[in-house]
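Chain letters run A, B, ... following the sequence lines, proteins first and then strands; every chain starts at 1. This one's a predicted model, so the numbers in the text were calculated from it and none came from an experiment.
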There are 2 protein chains.
Amino acid sequence: MIADEILDKEKVMGEDADPARKSIGARRNPESADAILDAAESLLAEAGYSGFSIEAVARRARAGKPTIYRWWPSKAALLLEVYQRQKRVDNPHTGNLEDDLVGFLESLFSHWRETSSGSVFRSLIAEAQSDEAASAALAEYATGRRAHTGQMIERAKARGEVAADVEPALVADLIASYAWTHLLTNRLAEDEATIRRAVRYVMRGIIARNR
Amino acid sequence: MIADEILDKEKVMGEDADPARKSIGARRNPESADAILDAAESLLAEAGYSGFSIEAVARRARAGKPTIYRWWPSKAALLLEVYQRQKRVDNPHTGNLEDDLVGFLESLFSHWRETSSGSVFRSLIAEAQSDEAASAALAEYATGRRAHTGQMIERAKARGEVAADVEPALVADLIASYAWTHLLTNRLAEDEATIRRAVRYVMRGIIARNR
DNA sequence: ATATAACGGAACGTTTCGTATCGATAAAGA
DNA sequence: TCTTTATCGATACGAAACGTTCCGTTATAT
């Protein structure tokens, strides 16, 4: 087919991850975009949300402000992509729900502590208070994340580890809330024992009695 | 005593709520201060954190910006006082812990929904991401609030309603986290049944078995 | 080789923060 | 009654950041 060559080139050059882009010729320079995202991420890691401004990002990335605004319509959009680019914490599956939940929270906390991810997420929450798009994106992400954790509980329920009348989504909500609040109040340094005790209260409430 | 008259006058005029004030002659005009706080609160109620700026507050309160900065050192400080001026939701005591917790969450949710309190609190959380003082104040408030809820659980424990090995502070943390997260993700409209189901999971985990 | 388009840099207008200066006003003391 | 003092609103200011527009350059695609 004739279009193949064009498609190939577009694939190589474009990395067009955003299907909402209108103009045909519009495509990012991957190097430039990466430098901008890297700069934004490192600024957030160093100074948190206070140090995050489009101009500071442009300075650090040696990019022009118009370049940033060409690809990201607002500060919130850039923040959002930095956030989405980060690696997800995946749910462990040890065969024991309590260990799964504790392991999940521990790796989430350490991920938030040891990378820029915590700062980015806190900034996104802050931005969501004054930006509608960020608020919607945050809500959507939170819903998806809860569903993911819910599946972890669903599997335990299938194993008979969890009582039949337990709603995994609600339990996942409790667990996720615990994590969020600790992030927002600078209490990520909890050790495993504390986390395990908190999880145990939830566990005792949902565990199958007839074992 | 000789000092009585002077003290009386200071009491009438000053309403010196801020002991950190340095200059002796410095005291707020209560009417002016109230107008400023009212303006800030109504702006937050109408447009949320987006509509909150010192200049907008000054315009609405028919006050000068320097007047605001004379009494509040920063945007965060004003936000904080608006927040602290709001009425607290007090913990019910029905003699049944589950009813207490559900009642507490319900009245907290409706208070956040139906007054400006929710907007103010969300704004405070946002501000805490870029202002150190707001962050410290938020952390302090959160600690105190958890302790308050913890006492509710402590009472139930004294009644024998809760297992002996339960740490009230940790359970209070779970409950408060649930509330915060729902505020931040625009999920305050939950009905009583949903809240009760969430609380029930916690309850089942902490309830005394030997009843 | 030429047209296209993204790029960095600079400048612009706007908004907001927080500060400084000014004259007016209202209350306290002599 | 007159003077002093402190607070008030108004206005202007510098600094910073947002988001936009223009320009000359560089790199890509045909």
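- Considering only residues two or more places apart in sequence or on other chains, A/Asp191 meets the side chain to side chain contact (heavy atoms under 4.5 Å, CB included) condition with A/Ala193, A/Thr194.
- One interatomic measurement links the two molecules: CD of A/Glu31 to C1' of D/dT28, which rounds to 13 Å at whole-angstrom precision.
- Residues passing the ring-ring contact (aromatic ring centres under 6.0 Å, His included) test with B/Tyr49: none are found, sequence neighbours excluded.
- The side chain of A/Ser32 places no N or O atom within less than 4.0 Å of a non-bridging phosphate oxygen (OP1 or OP2) of D/dA27.
- In this structure, A/Arg60 places its CZ atom 16 Å from P of C/dG8, rounding to the nearest Å.
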Exercise answer: donor-acceptor pairs, residues 101-108 of chain A side-chain atoms, under 3.5 Å, sequence neighbours excluded:
{"from": "A/Ser107", "atom 1": "OG", "to": "A/Gly103", "atom 2": "O", "distance (Å)": "3.2"}
{"from": "A/Ser107", "atom 1": "OG", "to": "A/Phe104", "atom 2": "O", "distance (Å)": "3.1"}

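- Under 4.0 angstrom from either OP1 or OP2 of C/dC7 there lies at least one side-chain N or O belonging to A/Arg70.
- As a whole-Å value, the separation of B/Trp72 CH2 from C/dT19 P is 15 Å.
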statement: The contact string for nucleotides 11-18 of chain D, one letter per nucleotide 5' to 3', using protein heavy atoms under 4.0 Å with B, S and - for base, sugar-phosphate only and none, comes out as B-----BB
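- The interatomic distance linking A/Ile68 (CD1) with D/dT20 (C1') rounds to 14 Å, in whole Å.
- Between B/Phe121 and B/Tyr141, the angle of the ring planes goes over 60°, which puts this pair in the perpendicular group of the 30/60° scheme.
- Going from atom CG of B/Leu79 over to atom C1' of C/dT16 covers 16 Å, rounded to whole Å.
- With sequence neighbours left out, A/Tyr201 forms a ring-ring contact (aromatic ring centres under 6.0 Å, His included) with no residue at all.
- In this structure, CG of B/Leu43 is placed 11 Å from P of C/dT16, rounded to the nearest angstrom.
- A close approach under 4.0 Å does occur between a side-chain nitrogen or oxygen of B/Trp71 and OP1 or OP2 of D/dC8.
- Under the side-chain hydrogen bond (donor to acceptor under 3.5 Å, both in side chains) criterion, A/Asp99 pairs with A/Arg196, sequence neighbours left out.
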